[in-house]
Structures are given as C-alpha cells and as structure tokens.
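The structure under discussion appears below in the form of structure tokens.
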2 protein chains.
Amino acid sequence: MCGMTAEAAIGRRERKKQATRESLIEAAFGLFTDKGFEATTVEEIADAVDVSSRTFFRYFASKEDVVLTFQEEQQVMFLELFRARPAEEPVVTALKRAAIEVARACEEGVAGFDSQRFTCLQQLMETSPAVMASSLQHQQQKQQLVAEAVAERMGVDPATDLRPHVVSAFANCGIRVASDCWQQGRLNGFGTFSEAIEQAFSLLEEGVNYPAAVTR
Amino acid sequence: MCGMTAEAAIGRRERKKQATRESLIEAAFGLFTDKGFEATTVEEIADAVDVSSRTFFRYFASKEDVVLTFQEEQQVMFLELFRARPAEEPVVTALKRAAIEVARACEEGVAGFDSQRFTCLQQLMETSPAVMASSLQHQQQKQQLVAEAVAERMGVDPATDLRPHVVSAFANCGIRVASDCWQQGRLNGFGTFSEAIEQAFSLLEEGVNYPAAVTR
DNA sequence: CGACACATGTCACAACATGACACTTTAAGC
DNA sequence: GCTTAAAGTGTCATGTTGTGACATGTGTCG
C-alpha cells in the first residue's frame, strides 16, 4: 500500500479505456441535456470525444445503454445495502430502508453519485420513451437478484416460492412510483425523492387493500 | 337492424383497412413464432401480406407495436372488468378478480382473444428484450388509467394522493410476476396462468411485510 | 527489442423508421 | 352519374442504429 491508488495500480491501457468510457458518458449526458435524447446521434457523442462511432458501440451496446450506467450503479448499491440490513427487520422494511439510503445518496451526490446526472436521468425517462423502456427492462432484469436476496432473508426457495418474487417486484414498483410522482410534483407537500420513497414503501408495509370508503 | 353486422355497416375502405391490419398481425405472429422476433424483418411481414414496407409503418409505429396490439386489448378488458366490480369489494380484491377474469379469457380464447397468440406473446417477451421493453413501457403507460379508476373507487384525488398510484402499480407487478413465474414453470404444482395471478394477488391482499423467519 | 494481445479506425452493410411525392381507389356532393 | 376531395398505397430517398470484417496502431510482457 505504498500510496498507490487503485487507478495507478492498473496499466495505462486500462486507464485510457476508463477515461474514454467516462468521457463518452460525460459527453452523452451533456448532449442529452442540451438537445434531448433522440435528437442527439451516436456520431455526435463519439465526435465530441474524438473517437469513431464504431468505438462507441464497443463501450455501449446501444445509445440507451449509456444512461443506464447510472441506474446500474444505483441497483448495485441498493442490493448491497439491503443485504446489510439487520436480520430482524421485516423484509419490506429492510427494502424500504435500503431504498431510502440510495435515494439520499442520489440527492446528496455521494462518492461518484452525481446528483446532477440523477436529475438528468429522471428527466430523460420522462421525455424519451426509448429511455423509459430500457430503464424498465433493466430494472426488471435486475429484479431477479433482489428476489434471490429476499428469498435468502426469508429462508425460502425462490425456485418454488412466489413470495420473494412478488416482494421484490413490489419494491421495484415502489421506487418507480415514487420516482414518477416525485417528478410530477405530486405528493402534496413532500419534496424530496427519499421522502417519496418512504411514503410509497410505508403504504406497502401497512397493506394496500383499501375498502371502498377511504377516510384516513 | 336488417341483419347487418357492424362490419357491413361501415364502408368498403374501412373494411379493407381492417383486413390488411389483421393480415399484418396474423403474418407477423406467424413469422415471429417461426423465426423469432429479431430474425424476421418488417419487409418479410409486409411481403407476406403483399404490401410495401412503408405501408406496414402506416399501420404500426414500430415492429414491436404489432405484438402490443394484443396486450392493448387485454388492458382495455381489464379496466372494464375492474370498473364493473361491486363497490363493496376492497380495491386489491377487485383488481384481483378482474385480473383473473382476463387471464381466464386468454386461456380459454374467448371472443377475439386467441389463446395461441397469448402464448406466443408470452414467449416473445421471454426471448426478445425489445418486446419485453416495449411491453413494460406500454403497461407502465396504461397504468395511469388504472390509477385513476382506483382513485375513483377509493374516493380520493389521484393528483395529490399517492395511494392509488401505488396500488395500480402493484397490480401491474402482480400480473407481471405471475406471468413470469408461470412461464418459467415456477409455482410448485399450480399450472394455469389465472391460478398464478390468483396467488400473486392473494399475497398482496394479505400483506407482504414478512418477518425474517417465514414458517407458513 | 520483439512477439503478442488489445483497442481503435475504416469500410461495408442490413434493418428500422420517416418524409416527400405520385398514383389509385373510395366517399361524398351536386 | 359525374366531379371532386379525401384517404390509402407505392416508390424513392434519406438518416440513424447497430454489427461484422479486416487493417493498423498502441500497450504489455518476456
């Protein structure tokens, strides 16, 4: 540990790769913010970083893929936090706490979590159907991992028990709904994203099978 | 009502349009089933019906759009059935019953609901990410309508209350999870799609905030 | 230094999607 | 019935996404 950072430990080639990758993301987010998602072409992004379009597709499978980078990081963090929750906590409560922590990180912009990009991603999803679609799909795909973690915590077999899948799907939904409603300025009074998440998951904790006449 | 069907009441032009549209769907599903979604080109579909590719895009906004036709119908039926549920039923219960009815219709192939196409759609979603993505997006989009119906039933304002949105999102999830797990042959013993739906929604009715040790 | 692996550029190409314009069929008015 | 407007379709051109093949440089390691 002679003061070498992890960055310096790896070779120049790897460093360059990371650099162009990061540059591409940076350029992409910039252009998307300025001109919108569909209006900016892959060629423009590549040109901005001075690489060929072909190279862009060696880093990202599609134009959508660039913006999902961020979501991927969120997902990883979420899963880690969830696994770290104390075992005594009921499942949904643990999921809620984990989700809130991620939301906070996004808001405050902790360690690599750029809050500006977070906002940008939210807006892109609203304005661009393509981004929305791939975001949903990505989340859906990652949901499988959450289901496994949930099953482990519950001590049941995810291959035969429906419950962990249902729970993880609902967690997904909670986050999505909170995000949507927060974006649209719903939630009378509540401002932050994490508060929206809190609210959505609390409903799930309490149960949602409301009778026809709702008074509370 | 001199024996004229609704079909004959409209003009020849409209009839032809419906015919080509239906033919396109038919041809598309056939080719998708045979060769898979990505492997069949729009041109092939168009050729099969003897129209130009350009015409295809006058009927459907995209290749994905063809397969979503069916999902759209399901959605419409679901909303109708939900609205028709007795007011005394708790919300989630009503959603469950409606979902089960739709599932039954798909299985049995009632009135325009071809059970073969239903199966095909399910498989396409599993095998083709593009289909999955657009399906998710379509469902997400239609969820707004369900939220409004839920809000109406609950007697609350969807613009300021988070609950109807959460509930409709969860309903969506329930259907999705049931579909996925049913496809993958999970659900020890339970065979039909409607039974899977039943199971998923029942969990939601009962509440899902399970403690760490699950015994039941 | 020299051999090798890897990243990138260039070229070619297929498929999706859309705009513009011309042509035919259908519907509607007199 | 004839005319005229509207709607559907075909053809052509074009832009963008995404991928395969091959050549060329640049980094890595012995």
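So that the names make sense, note that chain A is the first sequence line, chain B the second, and so on, each numbered from 1. Bear in mind that the values here come from a model prediction, so they are computed numbers and not experimental data.
Checked by atom type, the side-chain pair B:S52/B:T55 shows a donor-acceptor distance below 3.5 Å. Between the side chains of A:Q199 and A:S202, no donor-acceptor pair is found at a separation under 3.5 Å. In this structure, a donor-acceptor pair under 3.5 Å is present between the side chains of A:S62 and A:E64. No hydrogens or angles considered: nothing links the side chains of A:T69 and A:E72 as a donor-acceptor pair under 3.5 Å. Of the N and O atoms on the side chains of A:S135 and A:R176, at least one donor lies less than 3.5 Å from an acceptor on the other residue.
For DNA chain C, the residues of residues 33-53 of chain B within the heavy-atom distance limit of 4.0 Å (strictly under) are B:T40, B:T41, B:V42, sorted by number.
Separating the CZ atom of A:R54 from the P atom of D:dA21 is a distance of 11 Å, rounded to the nearest angstrom. Between the CZ atom of A:F56 and the P atom of D:dT17 there is a distance of 9 Å, rounded to whole Å. Atom NZ in A:K63 sits roughly 14 Å away from atom P in D:dT19 (whole-Å rounding). Rounded to whole Å, the distance from CZ on B:R58 to P on C:dA20 is 12 Å. One can place CG of A:D65 at 14 Å from P of D:dT17, the figure rounded to the nearest angstrom. The nearest whole Å value for the distance from the CG atom in A:L24 to the C1' atom in C:dA7 is 13 Å. Across the protein-nucleic acid pair, A:F57 atom CZ and C:dT8 atom P stand 15 Å apart, rounded to whole Å.
Across A:E107, A:R97, A:M77, a single residue satisfies side-chain contact (heavy atoms from CB on, under 4.5 Å) together with A:V102, and that is A:M77.
Close to D:dG8, at under 4.0 Å from its OP1 or OP2, lies no side-chain N or O of B:Y59. Between A:S62 and D:dT19, a side-chain N or O to OP1/OP2 separation shorter than 4.0 Å is absent. A close approach under 4.0 Å does not occur between any side-chain nitrogen or oxygen of A:K17 and OP1 or OP2 of C:dC6.
Ring geometry, B:F56 versus B:F60: the interplanar angle falls from 30° to 60°, so the pair is classed tilted. Classification of the A:F193-A:W182 ring pair by plane angle, with boundaries at 30° and 60°, yields tilted.
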Summary of protein contacts for nucleotides 22-30 of chain C, nucleotide by nucleotide, where a base hit scores B, a sugar-phosphate-only hit scores S (4.0 Å, heavy atoms): ---SBS---
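Screening residues 119-138 of chain B for ring pair (Phe, Tyr, Trp, His ring centres under 6.0 Å) gives no qualifying pairs among residues at least two apart or on separate chains.
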